[in-house]
Amino acid sequence: MSKSNDPAIFWDEKFDRTDYRYGTEPNRFVADVLPGLVDDGARVLCVGDGEGRNGVWCAGQGFDTTSLEPSAVGIKKIEALAADRDVDISTIHDKMPSEQVDDEYFDALVLTYVHAPEPMRKEIHGASIKALKPGGVVVLEAFTPAQRRNGRTSGGPPDEALMFSAELLRHDFEGLDFEVLSEETVQLDEGDGHRGPADVVRMIARK
Ligand SMILES: C[S@@+](CC[C@H](N)C(=O)[O-])C[C@H]1O[C@@H](n2cnc3c(N)ncnc32)[C@H](O)[C@@H]1O
């Protein structure tokens with residue numbers, strides 16, 4: 001695997017800074033919708049949780065939360081943020097697909113901005129579906145190709161081919177019921193990494 005294709009190496013370098021690249025507050029869409037989708041104490045897996053902004057927030061809501069992250073630097077920052085907020089969180093230092101993730105175990109999966117080239121993207125999404133209980137829900141937000149076409153500077157990979165369209169997600173998550181699947185222009189304010197107008201796709205899909 002080349003260096004740029006190994007998420008552990010690539011993201012170790014990005015997260016090796018004292019502050020949090022995407023801030024320490026949860027993604028707005030996740031915070032707005034997740035509590036209304038699952039019961040109190042639900043088991044939540046945050047896939048590619050980065051520096052833990054979503055996972056630590058989920059743990060703070062009382063969800064039984066696991067953060068999975070390939071970057072060792074990310075894992076350390078997740079644990080530091082959880083300690084700072086005095087919340088319990090489980091961490092898995094691995095990438096998806098992971099043998100450490102049980103099938104049909106989680107009530108909800110959170111994926112924000114986990115962009116990856118094929119075939120890794122399909123592996124991540126396929127493994128996410130497997131990890132979900134029947135009736136469980138995936139909450140996802142990511143950049144669309146319009147982010148590059150519109151010359152946005154609010155984040156995302158340089159290569160348009162790494163972005164996700166609603167159509168791509170409909171295909172990757174085929175078999176789930178789509179409660180939300182929409183391409184939108186939103187205003188991001190998530191640390192230095194995501195700030196300004198952005199073209200994103202938002203998805204809520206139930207197994
Ligand atoms: C743009 S960052 C977003 C981090 C976090 N989700 C957030 O929104 O703050 C992309 C994340 O995806 C993770 N990632 C990339 N490939 C992955 C894989 N195969 N399995 C799990 N996570 C992956 C990276 O390590 C990185 O933390």
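Each ligand, and each atom within it, is numbered from 1 in the order the structure gives.
- Ligand 1 has no N or O atom lying under 3.5 Å from any N or O atom of His115, backbone or side chain.
- Under the 3.5 Å distance criterion, the side-chain polar atoms of Glu183 are left unmatched by any main-chain donor or acceptor of Thr144.
- Taking only nitrogen or oxygen atoms, main chain and side chain alike, His194 does not reach within less than 3.5 Å of ligand 1.
- Note on Glu141 versus Arg202: salt bridge recorded, some NZ/NE/NH1/NH2 to OD/OE distance being below 4.0 Å.
- Residue contacts with ligand 1: Glu69 is placed with a nitrogen or oxygen under 3.5 Å of a nitrogen or oxygen of the ligand (distance criterion only).
- Of the candidates Ile78, Ile124, Asn54, Val114, the one placing a heavy atom closest to atom 14 (N) of ligand 1 is Val114.
- Contacts between Met120 and ligand 1, counted as non-hydrogen atom pairs separated by less than 4.0 Å, involve the side chain only.
- For the pair Phe10 and ligand 1, no heavy-atom separation below 4.0 Å is found.
- No heavy atom of Gly74 sits closer than 4.0 Å to any atom of ligand 1.
- Here Arg53 has side-chain heavy atoms under 4.0 Å from ligand 1, and that is the only part of it that gets that close.
- The pair Glu190-Arg28 does not meet the salt-bridge criterion, since no charged nitrogen lies less than 4.0 angstrom from a carboxylate oxygen.
- In summary, Glu160 and Arg148 do not engage in a salt bridge, as defined by a charged side-chain N under 4.0 Å from a carboxylate O.
- In this structure, Asp49 contributes its side chain and Glu69 its backbone to no donor-acceptor pair below 3.5 Å.
- Looking at Asn27 against ligand 1, nothing comes within 4.0 Å, counting heavy atoms.
- Ion pairing between a basic and an acidic side chain is recognised when a charged N comes within 4.0 Å of a carboxylate O; Arg85 and Glu25 show such pairing.
- Scanning all heavy atoms of the two residues, the minimum distance from Ile124 to Ala116 falls at CD1-CB, 3.9 Å.
- When only interatomic distances are considered, the shortest N/O to N/O separation between Gly48 and ligand 1 falls below 3.5 Å.
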